[in-house]
J.: 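Okay, here's the structure, questions in a sec.
Counting starts at 1 for both ligands and their atoms, in listed order.
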Amino acid sequence: MRRIMLASLSLTLVAPAFAQTARTADPAPLELTARQDHKLMMEALGIKSLRDGANGGNRNAPNAANYDESKVKPFTLPDPLVCADGAKVATPEQWWTKRRPEIVEEFDREVYGRVPKDVPAVKWEVVETKRETVGAIAAVTKQLVGRVDNSRCPSIKVEIQLTLTTPAEAKGPVPVMMEFGFVFGGRRPGGPPTKAGAAFKTKAAGFGPPAGGPSWREQVLAKGWGCAIIVPVSIQADNGAGLTKGIIGLCNKGQPRKPDDWGSLRAWAWGASRALDYFETDKDVDAKQVGIEGLSRYGKAALVAMAYDQRFAIGFIGSSGEGGAKLHRRNFGELVENLTGSGEYHWMAGNFLKYGGPLTPADLPVDAHELIALCAPRPTFISYGASSGPGSEGQWLDQRGSFMAAVAAGPVFRLLGKKDLGTSEFPAVETPIVDGELAYRQHKGGHTTGPNWPTFLAFADRYIHLKAAPAGGDR
Ligand code: GCU
């Protein structure tokens, strides 16, 4: 009798622990360094070695970045309007139903990785609402948290941070420009990923608003629009060690990625889409007129978000470089091989590593012009800082290679009845190419989108319109 009682007592005491173990029979989430995770991915792909990336910091290094046009090797780009079976795309319908899905599949599988089919739901909550003045404009700022259902792996928490600021005097839902925000406080998230990157950044002229001028938020609010900032690292860390955590790790229950799983760029873009889901429920936002903007690694993310989610009405793609608007096949500045190293591979699908090892960039089934083409027919503004002159951002990100990608995306915009760049001649600094739905401009100054905001907003004015107050007056 006594024994039985004891047994039932201990059963009661340990029951919750048993229940926990039974529910999460999966192995504990892995703690890996970026190098360990990178190595595991190389093994999964059967890759023995990877080529070195370009060195942007030492001109005398054997692998010094190429900044000489005469040393660019000839390359052939895949034709965005020729299907895998060789059929030529002649109608918008063929683009939408056949060719576009083919291109998306190739980017999914080989470049940015697939978003799993069963990503858990995000529940948005407004945690704070406050009045503030931005410049001289009275505004209302909501601080939001998007909590991802983590019942499948309770030890991994994902809480997406988003702020939304709208003019206090708004008379109805307003268009919104959303930025992938760098979190300040010493240094940017992730820090310099490679030696080359580090050298590049010390030379960069900063990320802030243009000296003396209104900030981008003031400029946007002055038009009666709203502005939002989403924090990418609250979705997914900006390093390989984080791949068993964040939204990617949560979906994999803390285990390493499969070769075609998503990388951080696709995850950040996914998060921006979830913010857009929220905007669709917020009466202060005109969710059909939401644009996306980002700089550098977040310029890449902005382009990926714009390409994949057709609900984004307009894109402002800042200094996105390799992995963004720059052609992978062009050996100038940063290379595919920089992205396949352990400092940056987390941005991409694991499969992308193959192109820095056994394969070459020329083997990629797609190139950056096709990512830009996926944005068509929506207005897309490719922005850079000047490559030379005082405070320039250098050539690491390849301003010209990105212009060439935009030129090569042109046929898709035209097929869909829109105007492309209208020229294939690389424009001088501060010469805006903004007559079509595809736009390009280099501003004077550094690694920032700051000085291009006025030109972008003038371009955006053609497409994004503040609607009149709804009948019946104030909301
Ligand atoms: C490095 C990296 C770039 C990236 C940039 C950034 O320079 O090589 O690809 O865009 O960092 O995000 O700051």
Side-chain angles (χ1 to χ4, degrees), residues 34 50-58 61 63-67 111-112 179-184 186-208 230-233 235-240 242 263-269 293-305 316-328 330-348 352 355-356 361 368 371 382-385 387 391-399 401-402 405 442 445-450:
L50 290 164
R51 294 182 298 278
D52 278 345
N55 184 331
N58 178 3
N63 60 334
N66 175 39
Y67 293 133
V111 183
Y112 298 110
E179 175 172 87
F180 281 112
F182 283 98
V183 178
F184 288 94
R187 60 183 196 132
R188 289 175 295 134
T194 58
K195 275 196 176 150
F200 166 73
K201 268 176 208 131
T202 13
K203 278 188 247 135
F207 286 72
I230 186 162
V231 178
V233 291
I235 304 163
Q236 184 61 43
D238 189 12
N239 55 58
S264 301
L265 289 173
R266 189 68 191 87
W268 294 333
E293 178 257 355
L295 176 78
S296 213
R297 67 201 59 190
Y298 299 148
K300 309 182 209 296
L303 183 54
V304 174
F316 181 5
I317 315 303
S319 303
S320 58
E322 176 56 38
K326 186 220 157 185
L327 290 171
H328 297 292
R330 200 173 116 90
N331 64 311
F332 193 98
E334 187 171 24
L335 300 176
V336 163
E337 286 82 353
N338 292 85
L339 253 54
T340 59
S342 62
E344 297 182 353
Y345 78 107
H346 62 278
W347 290 338
M348 317 300 284
F352 192 75
Y355 302 94
L371 188 66
I382 314 278
S383 163
Y384 276 93
S387 62
S392 94
E393 71 173 351
Q395 299 185 87
W396 179 244
L397 298 161
D398 194 10
Q399 293 79 348
S402 307
Q442 294 177 81
H447 193 43
T448 163
T449 47

J.: Tell me every residue that passes side chain to side chain contact (heavy atoms under 4.5 Å, CB included) with D52, counting only those two or more places apart in sequence or in another chain.
T.: N63
J.: With a heavy-atom distance limit of 4.0 Å, tell me whether E334 approaches ligand 1 through its side chain, its backbone, both, or neither.
T.: side chain
J.: Out of T449, T448, L397, which residue meets the side-chain contact (heavy atoms from CB on, under 4.5 Å) rule with S319?
T.: L397
J.: Under 4.0 Å from a heavy atom of K300: give me the atoms of ligand 1 that qualify, with their elements.
T.: 3 (C), 4 (C), 9 (O), 10 (O)
J.: Any nitrogen or oxygen of S319 lying under 3.5 Å from a nitrogen or oxygen in ligand 1? Just yes or no.
T.: no
J.: Would you call the rings of W268 and Y298 parallel, tilted or perpendicular, where under 30° means parallel and over 60° means perpendicular?
T.: perpendicular
J.: With a 4.5 Å limit on heavy-atom distance, are the side chains of F180 and L295 in contact?
T.: no
J.: My understanding is that we take every heavy atom of each candidate and find the minimum distance to atom 13 (O) of ligand 1. Doing that for A54, G294, A301, S296, which one comes out nearest?
T.: S296
J.: With heavy atoms under 4.0 Å as the rule, classify the contact between F182 and ligand 1 as side chain, backbone, both or neither.
T.: neither
J.: Of the options T340, N338, L339, which is the one that meets V336 in a side-chain contact (heavy atoms from CB on, under 4.5 Å)?
T.: T340
J.: Side-chain contact test, heavy atoms from C-beta onward, threshold under 4.5 Å: evaluate it for P361 versus E337 and give yes or no.
T.: yes
J.: Please work out whether any backbone atom (N, CA, C, O) or any side-chain heavy atom from C-beta onward of Y298 is under 4.0 Å from ligand 1, and answer side chain, backbone, both or neither.
T.: neither
J.: Could you tell me whether some N/O pair between W347 and ligand 1 is separated by less than 3.5 angstrom?
T.: no
J.: Please determine if R297 has a nitrogen or oxygen closer than 3.5 Å to a nitrogen or oxygen of ligand 1.
T.: yes
J.: Are any of the N/O atoms on E344, whether in the backbone or the side chain, positioned under 3.5 angstrom from an N/O atom of ligand 1?
T.: yes
J.: Not counting sequence neighbours, which residues clear side chain to side chain contact (heavy atoms under 4.5 Å, CB included) with A325? List them please.
T.: L303, S320, I372, I382, Y384, S402
